[in-house]
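Here is the structure we will look at, set down as structure tokens.
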Protein chains: 2
Amino acid sequence: MKTTRNTVAKTAVLEIFGKSKTALSHAEIQKQTGDLCDRVTIYRILERLVNDDIVHKIVNLDGTVKYAKCHHHAQRVHIHNHAHFSCEKCLEITCLENVKPSYIIPHNYKVNDINFTLSGLCPNCLNSNI
Amino acid sequence: MKTTRNTVAKTAVLEIFGKSKTALSHAEIQKQTGDLCDRVTIYRILERLVNDDIVHKIVNLDGTVKYAKCHHHAQRVHIHNHAHFSCEKCLEITCLENVKPSYIIPHNYKVNDINFTLSGLCPNCLNSNI
DNA sequence: AATATTATCGCAACAATGTTGCAATTAAAA
DNA sequence: TTTTAATTGCAACATTGTTGCGATAATATT
């Protein structure tokens, strides 16, 4: 029963997530933490946060990996089945907590996780795109 | 109006896709082509095939990138909105052409592409997992 | 408060994946 | 056959992610 600790770096990362409205990549987090900690440490913090269901991982079609804070809690097991929107112009990725896919899959598959990412133009860029 | 050419390497890659029932990664293709061509060439072939809608790109939750042949044709613009299943055990990724997500997204978003990947256990591994 | 335990960190080294520029090659059009 | 330009190989580089291990520090224990 590994206990998880609250370290300076982890707290800083969580605070950054708190302030951000969009999903963040490892590189973006590193830029914001400056030289507070090592690059590897951030990888490990993210790994822990994902395991603890505090943050979820998002993979975009272009291969970009980002992370966002989970907005649901108190659930033993939860699947992040909401959609993520990836804007091709501003490159921001946002959680669409209310958009959830419904689908029918043959019963001989066991689904443990879902990645549902939509890409295109976000409301902001759609407007400024006249 | 860049025309696309049929080269030895491209033909070989297409043949490999034809024979494979699952999606293939760059590394897997490289292994199968042997020393027929350079590593970079394969990247560029895949890029072209994706642009020409002959192959589609699949990004898994673990960051793995794979490619699979498109099984629909004669459509001007087509979105690969079918699901992909990624087995956590055998690591194979297969297209579930018949599984398509339905969802409702606010109208101020413009969707150009979709990535819908389910991960878990495929029928094979689910059986041998007793 | 002091000590023990062990999760976490920093560093270095490595591996995988993907990108770019440019000269040489070659498929396809003329 | 000649011309055109798409494609290739090579080399060099960038990014992203991983691993081992000794040092550090958060938390539990005494």
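Everything quoted here is computed from the prediction, not taken from an experiment. Reminder, nothing fancy here: chain letters follow the sequence lines and each chain counts from 1.
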Would you indicate which nucleotide in D:dT8, D:dC10, C:dC9 comes nearest to any side-chain atom of B:Ala9? D:dT8

Value in whole Å for how far the P atom of D:dA6 lies from CG of B:Leu49: 17 Å

Taking N and O atoms by type only, does the side chain of B:Arg39 place a donor or acceptor under 3.5 Å from a partner on the base of D:dG9? no

Nearest heavy atoms of A:His56 and A:Cys95, plus distance in Å: NE2-SG, 3.5 Å

Output the rounded distance in Å from CG (B:Asp62) to P (D:dG17). 11 Å

Which nucleotide in the list C:dA27, D:dT27, C:dG10 gets nearest to the side chain of B:Val8? C:dA27

Please report the distance, rounded to the nearest Å, between CG in A:Asn51 and C1' in C:dA7. 14 Å

When rounded to whole Å, the CZ to P distance for the pair A:Arg48 and D:dA26 reads 12 Å

Taking the six-membered ring for Trp, are A:Tyr103 and B:Phe116 closer than 6.0 Å centroid to centroid? yes

On a plain distance test, is the side chain of A:Arg5 in donor-acceptor contact with the base of C:dT6 below 3.5 Å? yes

Between A:Asp38 (CG) and D:dT24 (P), how many Å, whole number? 15 Å

Any side-chain to backbone donor/acceptor pair from A:His26 onto A:Arg39? Under 3.5 Å, distance only. yes

Within the 4.0 Å heavy-atom criterion, would you say A:Val40 contacts the bases, only the backbone, or no part of the nucleic acid? base

Please state how far atom NE2 in B:His26 lies from atom C1' in C:dT19, giving the value in whole angstrom units. 12 Å

Contact class for A:Leu36 vs. all strands (heavy atom < 4.0 Å): base, sugar-phosphate, or nothing? sugar-phosphate

Side-chain heavy atoms of B:Val111 within contact of A:Phe85, under 4.5 Å: yes

Integer-rounded Å distance: D:dT7 C1' and B:Tyr43 OH: 18 Å

Under-4.0 Å side-chain N/O to phosphate OP1/OP2 contact, B:Arg44 with D:dC10: no

Given axes from five pairs at either end, by how many degrees does the helix from C:dA1-D:dT30 to C:dA30-D:dT1 bend, rounded to 10°? 40°

Side-chain touch B:Thr22/B:Ile93, heavy atoms, less than 4.5 angstrom: no

So among A:Asn115, A:Leu118, A:Asp62, A:Val59, which one has a side chain to side chain contact (heavy atoms under 4.5 Å, CB included) with B:Asn115? A:Asn115

From CD of A:Glu47 over to P of D:dG17, roughly how many Å is that when rounded to an integer? 12 Å

Please determine if A:Glu92 and A:Lys21 form a salt bridge, counting it only when a charged side-chain N lies under 4.0 Å from a carboxylate O. no

Taking 4.0 Å as the cut-off, does a side-chain nitrogen or oxygen of B:Thr7 come that near to OP1 or OP2 on C:dA27? no

Phosphate-side-chain proximity, B:Thr4 and D:dT7, N/O vs OP1/OP2 below 4.0 Å: yes

